[in-house]
Number of protein chains: 2
Amino acid sequence: MTKDIPKLRPEPPLTSATRPYHHGDLRTALLAAAEAELADRGMEGFSLRSVAKRAGVSHAAPAHHFGDAKGLLTALAAEGFRQFLAAQAAREAVADRDPASQLVAAGLGYVDFALARPTLFRLLWQSERPDFSDADLGEAARAAYTHLVNQVTGAGGRSTADEAAVWAIAHGLADLLAAGRLRSVGSLLQPARDAMLAAIIRRALPGAA
Amino acid sequence: MTKDIPKLRPEPPLTSATRPYHHGDLRTALLAAAEAELADRGMEGFSLRSVAKRAGVSHAAPAHHFGDAKGLLTALAAEGFRQFLAAQAAREAVADRDPASQLVAAGLGYVDFALARPTLFRLLWQSERPDFSDADLGEAARAAYTHLVNQVTGAGGRSTADEAAVWAIAHGLADLLAAGRLRSVGSLLQPARDAMLAAIIRRALPGAA
DNA sequence: CTCCTATCTTGACAGTGTCAGGATATGGAG
DNA sequence: CTCCATATCCTGACACTGTCAAGATAGGAG
């Protein structure tokens, strides 16, 4: 008899037949979905509801974990800054140990990240959507900045001009390439492109000749 | 007697008591309103309806002149590129006539524009909203690029690396300053800042020492 | 077993861009 | 001067967005 059935979940909301009410790790699932959403709908096409749908969850579910859309993008930006630093560390690990080579390697990692995740790169550097006064995001961003300063001073940089020059040239290359400009460099094959980027970055170095 | 009144416009739609039905030059008024909207609501807060309200016109009025929001932002970006070039020309006019000084002046104009109109700067370089395949916008952007190449070759640049280095360093400085980063440079007073920027830009020059 | 709390859903609201159809003004033909 | 074709602008509607309030569900502490 149907009466025996205790309460029978109203509907397995059609999105996933066997989805449990509680997701388990919705927070990280939403972050992953948000990054995917940014990657293929772009910064301006980003939709919180679409992110929720991507994670197989109702449109208001993200609110409990992140408050609002700004909160989600703030958390994503913090995670992005950590990946940003990781991309630089990956290059540094396979480069020569001398300070100048390490600095150039960091610059190549800077560009790697921008090319691999252009929209996330924009979220970090040009968007107004994340809350940059957030503690976690602030710390992640500060870590990236500190790493840059350390690299520059390690390579012999003494003035703020040295610091600014290195940062600007790496950032300029990364941003232009991420936007699809600078085709003369962007269309090069990986090894040739790395060589050219390295040569350009070296121009900003303190003792460059 | 009220009967004599021929037709009596239903309502001077409250926005402006004496507004005529036809605006006169709504197209340019909308462009100005759009730029103002970008300036104080930012790229992500941009609203077509708000732009229309700003111009004192109904929410669907822009459609006839620009098609859709993308069309408006495309026209605004084209106009922006022309102002972008004008900012460089203004610096070049008051600089020494030798090619290297002219190139540095162009870089200072690049930064001037980014600082004066940060959101418009982003519309030109990082947004996906304008239609960059549009003829007018394409021509305006190409003109800016051509000017850069001419400046570099004029200053002795021969390789694509020279071109990329100059572009990247000017763009990097402009973008970071527009975003409020690079405080060590951005917080300087105008003369000191110009001097430092010029010194940094010179590092990218072909024959830099 | 009971209840408390965190988690998730549903339903509503105002605001957005876009489209269809109607209103109004302007300039030129007669 | 009249009349009308056309460009210009408005109103109303639609689907979609982010956010809020209120209810449903699950998991764990007592």
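Every chain is numbered from 1 and lettered A, B, ... according to where its sequence line falls, protein lines coming before strand lines.
- Looking at heavy-atom distances under 4.0 Å, A61(A) makes contact with a base.
- Nucleotide dG17(C) holds its P atom 10 Å from the CG atom of L73(B), rounded to whole Å.
- Below 30°, between 30° and 60°, or above 60°: for F84(B) and Y110(B) the angle between ring planes is above 60°, a perpendicular geometry.
- The distance between atom CZ of R41(A) and atom P of dC16(D), rounded to the nearest whole Å, is 11 Å.
- Across the protein-nucleic acid pair, R27(A) atom CZ and dA6(C) atom P stand 16 Å apart, rounded to whole Å.
- For F46(B) and dT17(D), the CZ to C1' distance is 17 Å, given to the nearest whole Å.
- Nearest to the side chain of D68(A), among dT17(D), dT11(D), dT19(D), sits dT19(D).
- Looking at heavy-atom distances under 4.0 Å, A60(A) makes contact with a base.
- Atom CZ in F66(B) sits roughly 12 Å away from atom P in dT8(D) (whole-Å rounding).
- Using cut-offs of 30° and 60° for the angle between ring planes, the F121(B) and F113(B) rings count as tilted.
- Computed from coordinates, the K53(A) NZ to dG18(D) P distance equals 11 Å when rounded to whole Å.
- Here S47(B) does not reach the OP1 or OP2 of dG15(C): none of its side-chain N or O atoms lies under 4.0 Å away.
- In this structure, the NZ atom of K70(A) is 14 Å from the P atom of dG18(D), given to the nearest Å.
- Between H64(A) and dC8(C) there is no side-chain polar atom (N or O) within less than 4.0 angstrom of OP1 or OP2.
- If you check distances only, the side chain of R49(A) does reach the base of dG18(D) with a donor-acceptor pair under 3.5 Å.
- Nearest to the side-chain atoms of V57(A) among the listed nucleotides dG18(D), dC8(C), dC10(D) stands dC8(C).
- Residue E44(A) contributes atom CD, which lies 13 Å from atom P of dG17(C) at whole-angstrom precision.
- A donor-acceptor contact closer than 3.5 angstrom is absent between the side chains of Q88(A) and Q151(A).
- For the atom pair OG1 of T119(A) and CD of Q126(B), the computed distance is 12.0 Å after rounding to the nearest 0.5 Å.
- Using a 4.0 Å heavy-atom criterion, one finds that H59(B) contacts the bases of the nucleic acid, with or without backbone contacts as well.
- Side-chain N/O atoms of R91(B) and Q102(B) include no donor and acceptor closer than 3.5 Å.
- A residue-by-residue look at A63(A) and S50(A) shows that S50(A) has its nearest nucleotide of DNA chain D further toward the 5' end.
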